[in-house]
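Quantities reported herein were computed from a predicted structural model and do not represent experimental measurements. The chains referred to below are lettered A, B, ... by the order of the sequence lines, with proteins before strands, and numbering in each begins at 1.
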2 protein chains.
Amino acid sequence: MKAGELANRFSVNVNTVRHYVRSGLLSPDKDASGYHYFSAEEERQLAFILRARELGFTLDDIRQLLNDATSGESPCPHARELIELRLTEARQKLNSMQSLVSRMESAVREWQALPDCAPCGDHICHLIEGGHHE
Amino acid sequence: MKAGELANRFSVNVNTVRHYVRSGLLSPDKDASGYHYFSAEEERQLAFILRARELGFTLDDIRQLLNDATSGESPCPHARELIELRLTEARQKLNSMQSLVSRMESAVREWQALPDCAPCGDHICHLIEGGHHE
DNA sequence: ATAAACCTGTGAGCGACTCACAGGTCAAGG
DNA sequence: CCTTGACCTGTGAGTCGCTCACAGGTTTAT
Ligand SMILES: [Zn+2]
Ligand SMILES: [Zn+2]
Ligand SMILES: [Zn+2]
Ligand SMILES: [Zn+2]
């Protein structure tokens with residue numbers, strides 16, 4: 001199977017497949033003409049990569065897990081450690097996204113009552129900086 | 001005021017200030033020895049940038065707003081348009097972060113009941129790919 | 001034979017920093 | 001007066017996970 005076919009089968013951009021090859025997550029053999037040949041094993045490996053990605057692992061994490069498996073170790077301990085780490089990070093990011101959305105929604109709400117400001121020289125934008133004329 | 005002093009005053013990394021200078025959001029004069037000199041106006045402008053950043057505007061957005069103000073137009077219409085745009089994006093990102101965190105939490109919960117897998121040749125990691133031995 | 005539709009490796013762009021590096025400037029202390 | 005150390009400068013590169021562009025090679029169909 002060649003790159004495009006594999007990409008279609010998994011509904012990912014062919015450049016994503018090529019990115020994984022470039023970064024060593026997939027190592028397909030090459031035929032005489034230089035084309036990559038993805039075996040059933042590479043196919044399973046791509047499935048693994050995509051599932052791990054869905055679970056929030058970074059590509060470096062996935063590389064680690066693949067290395068474990070390749071060297072005959074169980075990747076589970078690393079998988080458990082890493083997902084805790086990534087989960088902590090994801091929760092932090094989620095929190096900051098939540099506060100951001102709240103801040104933005106408040107701003108939009110407050111701005112509805114405010115007129116557009118004319119440049120008065122003291123301010124760049126009264127909406128953003130908060131009114132000073134009251 | 002020089003870069004480091006300004007950075008301290010606003011509790012931001014001095015490299016952030018220098019990044020804004022490099023990307024044209026701040027344009028301090030330079031003294032004879034080549035040092036940047038940040039006036040009260042630059043200080044106000046940095047405050048604006050940081051506040052706009054808190055509200056989810058991109059640096060390009062902020063550049064646009066500053067351009068508006070510089071050319072004597074009210075930046076408010078653009079501010080209103082852009083914040084709606086960024087809010088929509090932020091909500092999408094928030095949603096995807098929420099589902100990610102949910103997926104990760106489910107995985108962690110389910111994995112607690114599962115033992116570490118020994119490599120069986122069919123799988124890379126049973127935890128991540130889902131058990132096949134049942 | 002030629003065109004269309006694949007494939008390849010490589011380089012660069014995204015966003016908003018952050019760090020490293022080489023070299024210039026300045027104040028204080030001996 | 002001179003050295004030391006703490007600042008400053010511009011520039012280049014690294015982060016992350018793609019995604020696209022480009023130039024050129026291969027295969028397939030007409
Ligand atoms: Zn005003
Ligand atoms: Zn305004
Ligand atoms: Zn198994
Ligand atoms: Zn496992």
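Atom CG in A:Leu26 sits about 16 Å away from atom C1' in C:dC7, given to the nearest Å. Between B:Leu25 atom CG and C:dG15 atom P there is a gap of 13 Å when expressed in whole angstrom units. The nearest whole Å value for the distance from the NZ atom in A:Lys2 to the C1' atom in D:dG25 is 13 Å. Note: OH (A:Tyr37) to C1' (D:dT26) measures 18 Å, nearest angstrom. At whole-Å resolution of the value, CG in B:Leu6 and C1' in D:dC7 are 15 Å apart. Rounded to a whole Å, the CG atom of B:Leu55 is 14 Å from the P atom of C:dA16.
Listed by chain and residue number, A:Ser39, A:Arg44 satisfy the side-chain contact (heavy atoms from CB on, under 4.5 Å) test with A:Glu41 (two or more places apart in sequence, or in another chain). Scanning for side-chain contact (heavy atoms from CB on, under 4.5 Å) contacts around B:Asn13 gives B:Asn15, B:Thr16, with sequence neighbours left out. Every salt bridge (Lys or Arg N to Asp or Glu O under 4.0 Å) that A:Asp61 has, sequence neighbours left out, goes to A:Arg86. Contacts of B:Glu73 classified as salt bridge (Lys or Arg N to Asp or Glu O under 4.0 Å), with partners at least two apart in sequence or in another chain: none. The side-chain contact (heavy atoms from CB on, under 4.5 Å) search around A:His19 returns A:Ser23, A:Leu59, not counting sequence neighbours.
Heavy atoms only, all atoms of each residue included: B:Leu55 and A:Ala107 are closest at CD2-CB, 4.0 Å.
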Q: Take B:Tyr20 and B:Gln45 through the test side chain to side chain contact (heavy atoms under 4.5 Å, CB included) and record every step on the way to the result.
A: CA-CA 11 Å; B:Tyr20 294 160; B:Gln45 188 149 328; over 6 Å; no
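With contacts defined as side-chain heavy-atom distances shorter than 4.5 Å, the pair A:Arg9/A:Glu43 qualifies. Looking at heavy atoms from C-beta onward, B:Phe57 lies out of side-chain contact with B:Ile49 at the 4.5 angstrom threshold. Side-chain contact between A:Phe38 and A:Pro28 is present, with heavy atoms from C-beta onward closer than 4.5 Å.
The side-chain hydrogen bond (donor to acceptor under 3.5 Å, both in side chains) analysis of residues 93-105 of chain A, with sequence neighbours excluded, yields the pairs A:Glu105-B:Arg91. Judged as a salt bridge (Lys or Arg N to Asp or Glu O under 4.0 Å), not a single pair has a partner in residues 26-36 of chain A (not counting sequence neighbours).
Comparing the end axes of the helix from C:dA1-D:dT30 to C:dG30-D:dC1, each fitted to five base pairs by superposing C1' atoms of four pairs onto the next four, gives an inter-axis angle of 30° (nearest 10 degrees).
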Q: Heavy atoms under 4.0 Å is the rule here; annotate nucleotides 10-17 of chain D 5' to 3' with B where the base is hit, S where only the sugar-phosphate is, and - elsewhere.
A: BBBB---S
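Of the residues in residues 39-50 of chain B, none has a non-hydrogen atom less than 4.0 angstrom from any atom of DNA chain C. Less than 4.0 Å separates DNA chain C from no heavy atom of any residue of residues 86-98 of chain A.
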Table please: side-chain donor-acceptor pairs of residues 108-118 of chain A below 3.5 Å, with sequence neighbours left out.
unit_1, atom_1, unit_2, atom_2, d
A:Trp111, NE1, A:Leu127, O, 3.2
A:Asp116, OD1, B:Arg80, NE, 2.9
A:Asp116, OD1, B:Arg80, NH2, 2.9

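A salt bridge is absent between B:Glu5 and B:Lys2; no separation between the charged side-chain nitrogens and carboxylate oxygens falls under 4.0 Å.
Nearest nucleotide to the B:Thr16 side chain, out of D:dC8, D:dT26, C:dC17: C:dC17.
OP1 or OP2 of D:dT27 sits under 4.0 Å from a side-chain N or O of A:Ser33.
Taking the nucleotide of DNA chain C with the nearest heavy atom to each of B:Asn13 and B:Gly56, the more 5' of the two is matched to B:Gly56.
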